[in-house]
There are 2 protein chains.
Amino acid sequence: MKDKLKLSMPEQDLQPREKILLTALELFAEQGFERTTVRQIARKAEVNISAIAYYFGDKAGLYQAAFVEPLGSPKDDIELFNDPNISLEEALQGLFSGFTEPLKQDKLAMLCTRLHMREMVEPTGLWAQEIDNGIAPYHQALLVVLKKHLYLNKVDDDLHRLAMCIVAMGVHLFVGRDVIEKLCPKIIAGNSGLNQTHDRLVMFAKSMIEAEKNRRKQVNV
Amino acid sequence: MKDKLKLSMPEQDLQPREKILLTALELFAEQGFERTTVRQIARKAEVNISAIAYYFGDKAGLYQAAFVEPLGSPKDDIELFNDPNISLEEALQGLFSGFTEPLKQDKLAMLCTRLHMREMVEPTGLWAQEIDNGIAPYHQALLVVLKKHLYLNKVDDDLHRLAMCIVAMGVHLFVGRDVIEKLCPKIIAGNSGLNQTHDRLVMFAKSMIEAEKNRRKQVNV
DNA sequence: TGTAAATTCAAACAAACGTTTGAGTCAATA
DNA sequence: TATTGACTCAAACGTTTGTTTGAATTTACA
């Protein structure tokens, strides 16, 4: 196992390997895999091109490392949902924190999230792995919480629709970032604005769940 | 002005220019600008490479043409919102139809929408133009409808948040397509499934608007 | 200090990219 | 038939891409 990556972001006095990794993470997250060249990474990281091959084999290996290494496994977050005593409010708080917290201060977390979101739209090949290990368990955990709070005994398509719409609001904070920054930047800029956005997401999610509950009540009469 | 592009999708017996344009639209929409090569387009369209330069100047010109030509201006859709007599229900129906209808049968409309959504995540340079001409007016029109139905006299950040969350659900049908197809494909496959998704989106949006209305009521006591 | 491994470096590599060339083909017109 | 303009084609262009090379340099350890 490699040493745990230093989480401090001042990108100076880092070991070459870490400097490359963080620079690559930033460029991949901002520009995507194709638009980012190894020369650009090497230049910005102030290392020789061949250092990339030396440490990571090739560009794809670097991408994979940037994708996997900086963040630990997301299982901790998922266990949050598995707690049977968790309230709906708490579950939603935790869910959306995964989207809003990275936008606050932690540049590393933000870049990691951005990269993972990008993989959703621009699959590079790690996608199949990511959807199985990262997204699907999350979706399943959310389904379990929703199923419980709607008093259902099986997951149906409409529950999938509800889960998808709830997650969509969080995803959009990253996917639609450029648009948001142009149209209403304040809602993702600064801690207070983000906290307020977080509260609204929770509120909206709760209202959607309530609406779905009512719809099912009406259908079952 | 060029002749209007034929909207029929059987890609045979088309003029070379149209064949290139439709093939490029498909590949750009599926793979993005960078991953799509002019050779790939030429091969799939069964034309010589240099035909692309002949008809469109260069790759960027072809992309621009594929981005702009197939769809007319979206002003018709926006005028839908400007009707002062429109109900909230109708406005939301119209809004989400813009996302669900292209997924039904119309392959051309679906590719166009996908390409425009992709531009949001992977800006190529047309982005600034698209956000000004395509997205911003839409967002503004939605804000007007929401403002009216919440009885507000000015647009504030929380109204932006509401609008963003509503739009996010529609956008996610395209941005998260691959994920959806893996986790719950039925909600975007087939007309009946899409119709049901459409109805849920409207219902969720209405519940979010209601929640926001109640929140403001509580704040103002 | 001496030796071997680890790391860095400038340079070159083949392949793929977008683009251009110039001869060639075809249909229409005079 | 001769000529023009629209269009097609195989081939080559110059760049940039990711990758590799092999010698230099630094580091670690006996």
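Here is how names work: the chains are called A, B, and so on, in the same order as the sequence lines, proteins then strands, and each is numbered from 1.
Within the nucleic acid shown, B:I52 has no heavy atom closer than 4.0 Å to any nucleic acid atom. Residue contacts for A:A53: at a heavy-atom cut-off of 4.0 Å it reaches a base atom on one of the strands shown.
For the residue pair B:Q196 and A:D158, a side-chain donor N or O sits within less than 3.5 Å of a side-chain acceptor on the partner. Of the N and O atoms on the side chains of A:E119 and A:Y63, at least one donor lies less than 3.5 Å from an acceptor on the other residue.
Interface limits on DNA chain D: the 5'-most and 3'-most nucleotides within less than 4.0 Å of chain B heavy atoms are D:dA6 to D:dA12.
Under the ring pair (Phe, Tyr, Trp, His ring centres under 6.0 Å) criterion, no residue pair touches residues 168-203 of chain A, with sequence neighbours excluded.
Distance, A:R17 CZ to C:dT8 P: 12 Å, rounded to whole Å. Atom CZ in B:R39 sits roughly 14 Å away from atom P in C:dA15 (whole-Å rounding). The nearest whole Å value for the distance from the CD atom in A:E18 to the P atom in C:dT7 is 13 Å. Atom CD in B:Q15 sits about 14 Å away from atom P in C:dA27, given to the nearest Å.
In this structure, A:R17 pairs ionically with A:E69, as a charged nitrogen and a carboxylate oxygen lie closer than 4.0 Å. Taking a cutoff of 4.0 Å between a charged side-chain nitrogen and a carboxylate oxygen, B:E30 and B:R177 qualify as a salt bridge.
A close approach under 4.0 Å does not occur between any side-chain nitrogen or oxygen of A:N48 and OP1 or OP2 of C:dT7.
In terms of the side-chain contact (heavy atoms from CB on, under 4.5 Å) criterion, residue partners of A:V121 (sequence neighbours excluded) are, by chain and number, B:V121, B:V175.
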